[in-house]
Amino acid sequence: MPTVLIVDDSKLARIVVGKALAALRPDWLRLEAGNAQEALELLGSEAVHVAILDYNMPGQNGLALAGTIRERFPAMPIALATANVQDEVIAGARAVDASFVYKPINADSLRGFISGAALKLRDAEP
Amino acid sequence: MTGSEIPLSGLEHDALTELVNIGVSRAASSLRQMVGEQVILSVPSVQVVDRQMAATLIRQRETDQLIAVRQDFDGAFSGRALLIFPERNSLELVRAVAGDTLSCNEAREMEEEALAETGNIVLNGCLATMANLLRRPLTLSLPQVIRGDGRLLFELGEVPGGDGVVLFLYINFAISGRDIRGYIAMLMDLPSLESLNVLIREFISRITGAEEASDGA
């Protein structure tokens, strides 16, 4: 089953993303990290297939983290979660081939990204 | 100086920070459209302090004279929201909003109006988003431009029990490519904080589902 890494400094936000994900794909596994550092450690030790990243976090922000993840995992579906819809943030997400998910997150706002990710993962299967 | 009894649990504190984060991110997106440059935000800081401490927190960072747009809000919870920046940034902000072709005199003439309008859009955006997420309407006063140091900004007005403990939220912002930076700050007094707490708990149970919040998988 695909494993989704949820990165957000807010525990509440991680719970909300986890719940939305459970509603859409109850069988997918979930991992959580509270910052970019923790996320990179998890990516080194666990098999992660999809990443959902908060934008505004202490330390490295979600966009910078998306760039780092993209270098290591060229095909991983990545979403940037934020209410910050400034052109530069959207362009930054586009530049690292990350999708945009609007906060506050619920199953509806996450659906498009997760459906796309599921298709991508299926295509990647041997 | 911090209030001894911080009336927010870890998850409630988290929820409030997230609410402010969403509100300010939307507000920054509106400000970005006005100034045409990226608005860079810090992670929000949420603290329970007394009023003097709130003023000190700003004064420690800013020795300059400050200018602020202030809006009071009232409803299920009430308080004061401020868009604050060093006074010397003021005309630069007016130019960023109203156009770089303005002469110094023209910029000065429309300073108050441009600042009030900018503050209105930023603070309204932030507060309206928070009110929507909490599902309670807030009434907002008209924006008012005030000048002074940190103490004046936070003590101005007719707030009763001015020595009381307040909830103090602030976020730093900067405008990319321009010498403009400042803060979005919010102050709430304690009775308001108690009502806010009830709404935050409702908000948490609504977005996490009725079940007890767990750590997830």
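None of these values were measured; they are calculated from a predicted model. Chain A is the first sequence line, chain B the second, and so forth, proteins listed ahead of strands; every chain is numbered from 1.
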* In terms of heavy-atom proximity below 4.5 Å to chain B, should A:Y55 be classed as side chain, backbone, both, or neither? -> side chain

* Does B:F173 reach the side chain of B:I184, with side-chain heavy atoms less than 4.5 Å apart? -> yes

* Please flag which part of B:L31 lies under 4.5 Å from any non-hydrogen atom of chain A: side chain, backbone, both or neither. => neither

* Where on B:N21 is there a heavy atom nearer than 4.5 Å to chain A: the side chain, the backbone, both, or neither? -> side chain

* For the residue pair A:L31 and A:T3, establish whether any side-chain heavy-atom pair is separated by less than 4.5 Å. => yes

* Asked: Under a 4.5 Å heavy-atom cutoff, which of B:S176, B:A28, B:S30 has the most pairs with chain A?
  -> B:A28

* **Region of A:D87 in contact with chain B, defined by heavy-atom distances below 4.5 Å** => both

* Greatest number of heavy atom pairs closer than 4.5 Å to chain A - which of B:L19, B:V39, B:T17 -> B:V39

* Using a strict 4.0 Å threshold on nitrogen-to-oxygen distance, state whether B:E18 and A:K103 make a salt bridge. => yes

* Asked: For A:N84 and A:Q86, does a side-chain donor sit closer than 3.5 Å to a side-chain acceptor?
  -> yes

* Under 4.5 Å from a heavy atom of chain A, the part of B:E37 involved -> backbone

* Do the non-hydrogen side-chain atoms of B:M186 and B:V46 ever get within less than 4.5 Å of each other? -> no

* **Structural part of A:N61 lying under 4.5 Å from a heavy atom of chain B** => neither

* Asked: At a heavy-atom separation under 4.5 Å, does B:S42 approach chain A through its side chain, its backbone, both, or neither?
  -> backbone

* Side chain proximity check, A:L12 to B:F203, heavy atoms < 4.5 angstrom -> yes

* Asked: When only pairs under 4.5 Å are counted, which of A:P104, A:A22, A:P58, A:S10 shares the most heavy-atom pairs with chain B?
  -> A:S10

* Are any side-chain N or O atoms of B:S192 and backbone N or O atoms of B:S78, one a donor and one an acceptor, separated by less than 3.5 Å? -> yes

